[in-house]
Undergrad: 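Dropping the structure in here first, questions after.
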Amino acid sequence: VQLQASGGGLVQAGGSLRLSCAASGSVDSIDTVGWYRQTPGKQREMVATISRSGLTNYAASVKGRFTISRDNTKNTVSLQMNSLKSEDTAVYYCNARGPFGSKAPWYSDAWGQGTQVTVSS
């Protein structure tokens, strides 16, 4: 599975951004997709995930502000980010998890290249 992320950029606090990620390869084996973020010196943290059936999970810090969506026909996942705060500044990575790759039938992770989101206060 290969992931290509797009979107991100610079926005003022209170503004909105939309991230998108397109998957290719063994897409039929993808179970959960999601977005993670990382700032310098910190571990990568989960922002939001969505299963193939549409079950979502959000970090407490973004719940009510961010919305994750998935289009299984187009093999894309998006993250709509509203009411952005300076603490949302990070590099955002899309992730796909499923029984693909050399570890199948065990689950593996695939990561996109990361896209910078900067929120100015």
Side-chain angles (χ1 to χ4, degrees):
V1 171
Q2 294 79 44
L3 301 174
Q4 181 67 44
S6 60
L10 174 64
V11 65
Q12 288 188 333
S16 298
L17 279 175
R18 185 176 182 87
L19 305 181
S20 295
C21 181
S24 60
S26 303
V27 294
D28 289 341
S29 297
I30 295 174
D31 182 1
T32 300
V33 290
W35 292 92
Y36 291 69
R37 65 188 182 188
Q38 189 171 23
T39 55
K42 293 189 177 181
Q43 285 192 331
R44 192 171 296 185
E45 64 174 3
M46 186 276 292
V47 176
T49 62
I50 183 168
S51 71
R52 179 168 284 275
S53 63
L55 184 66
T56 58
N57 186 35
Y58 293 94
S61 59
V62 307
K63 196 170 293 185
R65 300 188 297 121
F66 291 11
T67 302
I68 190 169
S69 60
R70 172 176 185 165
D71 187 333
N72 291 329
T73 63
K74 297 181 179 179
N75 302 313
T76 59
V77 57
S78 297
L79 184 69
Q80 178 64 42
M81 305 184 291
N82 298 329
S83 302
L84 282 161
K85 305 176 181 180
S86 57
E87 50 262 45
D88 295 318
T89 296
V91 177
Y92 284 70
Y93 297 88
C94 61
N95 167 269
R97 182 167 294 174
F100 49 78
S102 60
K103 297 181 180 178
W106 306 109
Y107 274 39
S108 293
D109 284 295
W111 295 93
Q113 80 278 19
T115 185
Q116 177 70 46
V117 171
T118 303
V119 184
S120 63
S121 57

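The structure displayed is predicted, hence computed values, not measured ones. Counting from 1, the numbers follow the sequence of the chain as shown. The figures that follow rest on heavy atoms only: side chains count, while hydrogens, waters and symmetry mates do not.
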Undergrad: Do the side chains of V91 and V117 join up, straight or via other hydrophobic residues, at under 4.5 Å, putting them in one cluster?
TA: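 No; tracing contacts between hydrophobic side chains, which count when under 4.5 Å, never links both residues.
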
Undergrad: State whether a side-chain donor-acceptor pair under 3.5 Å links Q116 with T118.
TA: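 A donor-acceptor contact under 3.5 Å links the two side chains.
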
Undergrad: Which heavy atom of T89 sits nearest to which heavy atom of V119, and what is that distance?
TA: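 In terms of heavy atoms, the two residues are closest at OG1-N, 2.9 Å.
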
Undergrad: Check whether any side-chain heavy atom of R65 lies under 4.5 Å from a side-chain heavy atom of D88, and answer yes or no.
TA: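 Of all side-chain heavy-atom pairs linking D88 with R65, at least one is under 4.5 Å.
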
Undergrad: Given side chains that start at C-beta, do those of M46 and N57 come closer than 4.5 Å, heavy atoms only?
TA: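 Side chain of M46 against side chain of N57, heavy atoms only: contact under 4.5 Å found.
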
Undergrad: Looking only at heavy atoms, which two atoms of T32 and S51 are closest? And how far apart?
TA: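 So the two residues come closest at OG1-CA, 4.1 Å.
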
Undergrad: Would you say that I50 contacts Y58 through its side chain, given a criterion of any heavy-atom pair below 4.5 Å between the two side chains?
TA: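 Not in contact.
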
Undergrad: Is there a path from Y36 to I30 through hydrophobic residues (I, L, V, M, F, W, Y) whose side chains come within less than 4.5 Å of each other?
TA: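 Each belongs to a different hydrophobic cluster.
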
Undergrad: Please examine the side chains of W35 and V77, heavy atoms only from C-beta on, and report whether any two atoms are closer than 4.5 Å.
TA: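 Heavy-atom side-chain distance check passes, below 4.5 Å.
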
Undergrad: Applying side chain to side chain donor-acceptor pair (under 3.5 Å), name anything that partners S16, two or more places apart in sequence or on another chain.
TA: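 Residues passing side chain to side chain donor-acceptor pair (under 3.5 Å) with S16: N82.
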
Undergrad: Can I68 be reached from Y92 by stepping across I, L, V, M, F, W or Y side chains whose heavy atoms are under 4.5 Å apart?
TA: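 Result: yes, single cluster for both.
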
Undergrad: Are L19 and V11 in one and the same hydrophobic cluster, where Ile, Leu, Val, Met, Phe, Trp and Tyr link if side-chain heavy atoms are under 4.5 Å apart?
TA: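 Yes: a chain of side-chain contacts under 4.5 Å links L19 to V11.
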
Undergrad: In the structure I gave you, are the side-chain heavy atoms of L3 and V33 within less than 4.5 Å of one another anywhere?
TA: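 Counting from C-beta outward, L3 and V33 never come under 4.5 Å.
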
Undergrad: Given side chains that start at C-beta, do those of Q80 and S69 come closer than 4.5 Å, heavy atoms only?
TA: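 Not in contact.
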
Undergrad: So, R97 and D31, do they make that salt bridge, N to O below 4.0 Å?
TA: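 No, this pair does not count.
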
Undergrad: Is there a side-chain contact between R37 and V62 (heavy atoms, below 4.5 Å)?
TA: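 Side-chain contact under 4.5 Å: yes.
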
